[in-house]
There are 2 protein chains.
Amino acid sequence: MNIGVASEKSGLPAKTIRYYEDIGLLHPARTDNGYRDYSTADIHRLRFLQRSRSLGFSVDECRQLLSLYQDRERDSADVKAIAKAKLVEIDRKIAELVGLRGLLHHLVSHCHGDERPDCPIIDELAGQGVAQ
Amino acid sequence: MNIGVASEKSGLPAKTIRYYEDIGLLHPARTDNGYRDYSTADIHRLRFLQRSRSLGFSVDECRQLLSLYQDRERDSADVKAIAKAKLVEIDRKIAELVGLRGLLHHLVSHCHGDERPDCPIIDELAGQGVAQ
DNA sequence: TGTTGCCTTCCATCTACTGGAAGGTCTATT
DNA sequence: AATAGACCTTCCAGTAGATGGAAGGCAACA
C-alpha cells in the first residue's frame, strides 16, 4: 500500500513516515516503480509510533518499546525489565493526566458568568500573565 | 528563589526554564545582582509546564492551558469551550495510555524464559527489525 | 584573597520534524 | 497519443523546542 494510504491509516504525515524510515524505525518494501509499499505490520508499527510519540515518549524510547516485541537477541529477563520500567512510566503519565483532568474539570465546573474560579490551586497558577 | 532551586522544584533543567522565559511563558523577577528570582506562583507554572509538556502537549497548547487560568479579557464561555476541548484531548490521551499499558502488561506477563510471547497484536508489531 | 559553585548572556548544536523545489509515475479524460 | 492532476521520489533548507559550552560576573567560605 502506498505512503498516502499508510499516512491516512496511521495518522502520521507522509513526511514523518519517510523520516521514520530514514532513522531506521521501519523498512517498508518497494514496488518496481520505486514507490514505498507498506504492509499491515508496517501500519501497526506506524500507529504504535504515532500513539507513543503523541504521549510524550521520545523517538529513542519508542525504538526501545518497539524492540521489546522483536529483539530475539536480547535476554528475556532484560526485555521484561525494560517493559516493567516503561509500565511504571506509563502509570505515572496516566496519574498526571488524571490530575490535569481534575484541574481542568474544576475550572470548567466552577467558572460561570464573568466570575473567576475561586480555587487556591488555580489562584496560584494565575499569578501572572503569559505572552500570546 | 534562584534558578537552581526552581529547577529542582519544577523538575525542569535551568536551561529550559530560561528558554521558557525567552519565549514569554513566564516573567520571573530579578534581584539586584541580576539573578532571576522565582516566586511560588512561578514554580507552579513551571511544574504545570513540565507536566503538560511531558504529556505531549505542544508549547502553544501549554500557553493556551495556562491562559485558561488568567486571561481576564477573554469571554468566560470561550474559556470554558477551550477547557472542554482540552478535557476531551486529555481523556483520549488517558485512553491511549491505558491501551499501551495493556499491551506492555500483556508482554510482561506472557514473556517467560526464552520464549517469545504468543499474541496476535504483538506478532503483528514484530513484523520486522528496528535499527538500534 | 583565592577557589568553588552558581549565576549571567550568547552562540552553536541537536532532535524531530516540516516545507518546498525539481522531477518521475499513474490514471483518467480528451 | 497526449495532457492534466494527483500521486510518488529525493534532496536541501527551515522550524520548534530545547541543550551544550564558552566567557565572564557574583557569593560564600577557608
Side-chain angles (χ1 to χ4, degrees), chain A residues 1-39 42-43 45-67 89 93 96 130-132, chain B residues 1-39 42-43 45-67 89 93 96 130-132:
Chain A
M1 125 191 39
N2 280 354
I3 200 166
V5 182
S7 167
E8 202 177 328
K9 291 204 178 189
S10 66
L12 287 168
K15 281 267 177 191
T16 304
I17 296 177
R18 287 193 200 99
Y19 172 70
Y20 285 168
E21 184 181 346
D22 277 359
I23 61 172
L25 287 175
L26 73 166
H27 313 279
R30 295 275 177 150
T31 54
D32 288 346
N33 59 20
Y35 286 17
R36 289 169 179 84
D37 186 22
Y38 296 89
S39 68
D42 288 327
I43 301 305
R45 293 176 74 81
L46 289 171
R47 288 194 59 76
F48 183 86
L49 285 165
Q50 191 281 319
R51 268 201 301 172
S52 35
R53 284 294 294 126
S54 87
L55 294 169
F57 289 97
S58 74
V59 163
D60 254 28
E61 286 173 319
C62 291
R63 213 186 282 272
Q64 218 174 52
L65 284 166
L66 277 174
S67 80
E89 208 176 325
K93 278 178 192 281
E96 286 188 350
V130 72
Q132 294 294 333
Chain B
M1 108 193 55
N2 280 355
I3 200 167
V5 182
S7 167
E8 202 178 329
K9 291 203 177 189
S10 67
L12 287 168
K15 281 268 177 188
T16 304
I17 297 176
R18 288 194 199 99
Y19 172 70
Y20 285 168
E21 184 181 347
D22 277 359
I23 61 172
L25 288 175
L26 74 166
H27 313 280
R30 296 274 179 151
T31 55
D32 288 346
N33 59 22
Y35 286 17
R36 287 168 180 83
D37 186 22
Y38 296 90
S39 68
D42 289 326
I43 301 306
R45 293 176 74 81
L46 289 171
R47 288 194 58 77
F48 182 86
L49 285 165
Q50 190 282 319
R51 267 201 300 171
S52 33
R53 284 295 291 127
S54 86
L55 295 169
F57 289 98
S58 74
V59 163
D60 255 28
E61 286 174 318
C62 291
R63 217 187 279 273
Q64 216 175 53
L65 283 166
L66 277 174
S67 80
E89 208 176 325
K93 277 177 192 282
E96 286 189 348
V130 70
Q132 294 293 336

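Not measured: the values here are computed from a predicted model. Convention: sequence-line order gives letters A, B, ...; per-chain numbering from 1.
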Can you tell me how far CG of Leu26(A) sits from CG of Leu66(A), rounded to the nearest 0.5 angstrom?
-> 9.0 Å
Go through the structure and list residues passing side chain to side chain contact (heavy atoms under 4.5 Å, CB included) with Tyr35(B), not counting sequence neighbours.
-> Asn2(B), Thr31(B), Asn33(B)
With B for base contact, S for sugar-phosphate-only contact and - for none (protein heavy atoms under 4.0 Å), nucleotides 2-8 of chain D reads -----BS
Provide the full list of salt bridge (Lys or Arg N to Asp or Glu O under 4.0 Å) pairs with a residue in residues 27-37 of chain A, sequence neighbours left out, each pair given once.
-> Glu21(A)-Arg30(A), Glu21(A)-Arg36(A)
Who passes side chain to side chain contact (heavy atoms under 4.5 Å, CB included) against Ser7(B), sequence neighbours left out?
-> Ile17(B)
For residues 7-17 of chain A, which residue pairs qualify under salt bridge (Lys or Arg N to Asp or Glu O under 4.0 Å), counting only residues two or more places apart or in two chains?
-> none
Any residue meeting side chain to side chain contact (heavy atoms under 4.5 Å, CB included) with Ala14(B), in chain and number order, not counting sequence neighbours | Ile3(B), Arg18(B)
Write down the distance between CG (Asp32(B)) and P (dG25(D)), rounded to a whole number of angstrom.
-> 19 Å
Would you kindly give the CD1-to-C1' distance between Ile17(B) and dA18(D), to the nearest whole Å?
-> 13 Å
Starting at OH of Tyr38(B) and ending at C1' of dC7(C), how long is that distance when rounded to a whole Å?
-> 11 Å
Rounded distance (Å) that lies between atom P of dA27(D) and atom CE of Met1(B) | 18 Å
How long is the line joining CG of Asn33(B) and C1' of dC26(D), in whole Å?
-> 7 Å
Spacing of Leu46(B) atom CG relative to dA18(D) atom P, expressed in whole Å = 12 Å
Set of residues satisfying side chain to side chain donor-acceptor pair (under 3.5 Å) with respect to Gln50(B), sequence neighbours excluded | none
Interatomic distance, Asp22(A) CG vs dT9(D) C1' [rounded to whole Å] = 12 Å
Scoring nucleotides 15-21 of chain C by protein non-hydrogen atoms under 4.0 Å (B base, S sugar-phosphate only, - none) yields -BBSBB-
Partner residues of Thr16(B) under the side chain to side chain contact (heavy atoms under 4.5 Å, CB included) criterion, sequence neighbours left out | Leu12(B), Pro13(B), Tyr20(B)
